[in-house]
Amino acid sequence: MNLKILILPGDGIGTEVTRAAVDVLHAVAKKFGHTLELTEGLLGGIAIHKTGTPFPDDTRTKAQGVDAILMGAVGLPEFDSAPPSQRPEKGLLELRSLLDVYANLRPVRTYPELIESSPLKNHVISGTDMIIVRELTGGLYYSQPRGIDENRGFNTMAYTRGEVERVTHTAFKLARNRRKKVTSVDKSNVLEVSQFWRKVVIEVAAQYPDIQLEHVLVDNAAMQMVLRPTQFDVMLTENTFGDILSDIGGILAGSIGMLPSASLGAANAEGVIKGLYEPVHGSAPDIAGQNKANPFGAIGSVAAMLEYTFGLIKEANAVNDAVGKVLASGRVTADLKPKGTPATTDQVGKAVSEAL
Ligand code: IPM
Ligand code: MN
């Protein structure tokens, strides 16, 4: 099979973890006899520096011509005081919107090998296996009106019925192949948008009588995630809530560097689900350029790409198994607090490729 993929390394550690992930992509393609058609593009701070905009037309065109995109991370400290419309992050937000990848899947699990890497107690996190389904193209991130006046800054959190319905279907379909439980997270004790969200989720749930549905308020959900994370299977939530809660997921997994993500839209006429694949972590300017970032989130995102966009389940499993082997070997990056000398980003990438 020919895999047409756009690589967007982005900023900071994004370039480093992407290099390791592309290494693994080459290894898995070779092993299973697939061809890679890779193109590269600019996104984020590097794109602002080179072209004046975080989402150049060239990247837009390339993004529309591929089936899958592997993204590193965006964000640079020199843009910290720039308005949202001129920041590196804006490039990513426009890309998500252009691709209409409304469902962001963020699996969170604890690996036995990493149980000591989390600051939380072993008995609390042990056995955690949940997936956050974050709505990605609506809500507070995108709704109008938004702006900054002299004496007021404002954003809007709005959802249409269609927006809630489609991501709810994604969550329930996922639950079918898991432990058959969906937890919808909202703030319906305060927000009308959340009351509407809850109402639509309940309506959609009627089509999935085999799946258990519960509702949890977002503040309580944050607490429950560190108190008893094993209670969750599929967690469905709004864009901003999902952004915040998924960082807690990093603590459960041992490091935010472990977390992969898949951002998916609807299947096209050929039945292909175009996807944007990105680790959950950011550009981490504090450790950028030091070859010490954890590439497992990016490598896991490659596995997700093989599975969801290309339907290559065997290949995806092989990548995840290889990651498991490297984890078990203890040759991991500093964030995972290995016993011996920490491995570099490149070394972990190579180790995964070799384990394949
Ligand atoms: C994430 C990131 C992004 C987000 C930023 C970089 C725009 O934090 O993917 O979690 O807020 O969605
Ligand atoms: Mn985030």
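Just so we're clear, the structure is a prediction, and the values are computed from it rather than from any experiment. Both counts, for ligands and for their atoms, begin at 1 and track the order of listing.
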Practice task
Check whether the side chains of N122 and E116 place a donor and an acceptor atom closer than 3.5 Å, and report yes or no.
Solution key: yes
Exercise for the section: State, without any angle test, whether T309 and D67 hold a side-chain donor-acceptor pair at a distance under 3.5 Å. Expected result: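 No, D67 and T309 have no side-chain donor paired with an acceptor closer than 3.5 Å.
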Completion exercise
Judged by heavy atoms only, the candidate from R96, R87, M71 nearest atom 12 (O) of ligand 1 is R96
Handout entry: Any K90 heavy atom less than 4.0 Å to ligand 1
Key =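 In this structure, K90 fails to qualify as a contact of ligand 1 - no heavy atom is under 4.0 Å.
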Practice task
Take every heavy atom of R106, measure it against each atom of ligand 1, and state whether any distance is under 4.0 Å.
Solution key: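 Contact check R106 vs ligand 1: positive.
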Exercise for the section: Looking only at protein heavy atoms, identify the closest one to atom 2 (C) of ligand 1 and say how far it is in Å. Expected result: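 Ranking protein heavy atoms by distance from atom 2 (C) of ligand 1, first comes D243 OD1, 4.0 Å.
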Exercise for the section: Distance to 0.1 Å, residue and atom name: give those for the protein heavy atom nearest to atom 4 (C) of ligand 1. Expected result: Y141 OH, 3.5 Å
Practice task
Taking all heavy atoms of T128 and all of I125, pick out the closest pair and write down the distance.
Solution key: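 That would be OG1-O, 2.6 Å.
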Exercise for the section: Kindly give the heavy-atom pair with the smallest separation between L95 and A63, and that separation in Å. Expected result: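 Looking at all heavy atoms of both residues, the shortest contact is CD1-CB, 3.8 Å.
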Handout entry: Interfacing atoms of ligand 1 (cut-off 4.0 Å, heavy-atom, E89)
Key =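 Within the 4.0 Å cut-off of E89, ligand 1 contributes 6 (C), 7 (C).
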Problem - Nearest to the Mn ion (ligand 2) - the N/O/S atom of D243, by atom name - result: OD1
Practice task
May I ask you to decide if the ring planes of W197 and Y159 are parallel, tilted or perpendicular, using 30° and 60° as cut-offs?
Solution key: perpendicular
Practice task
Check whether the ring centres of F310 and H34 lie less than 6.0 Å apart, and answer yes or no.
Solution key: no
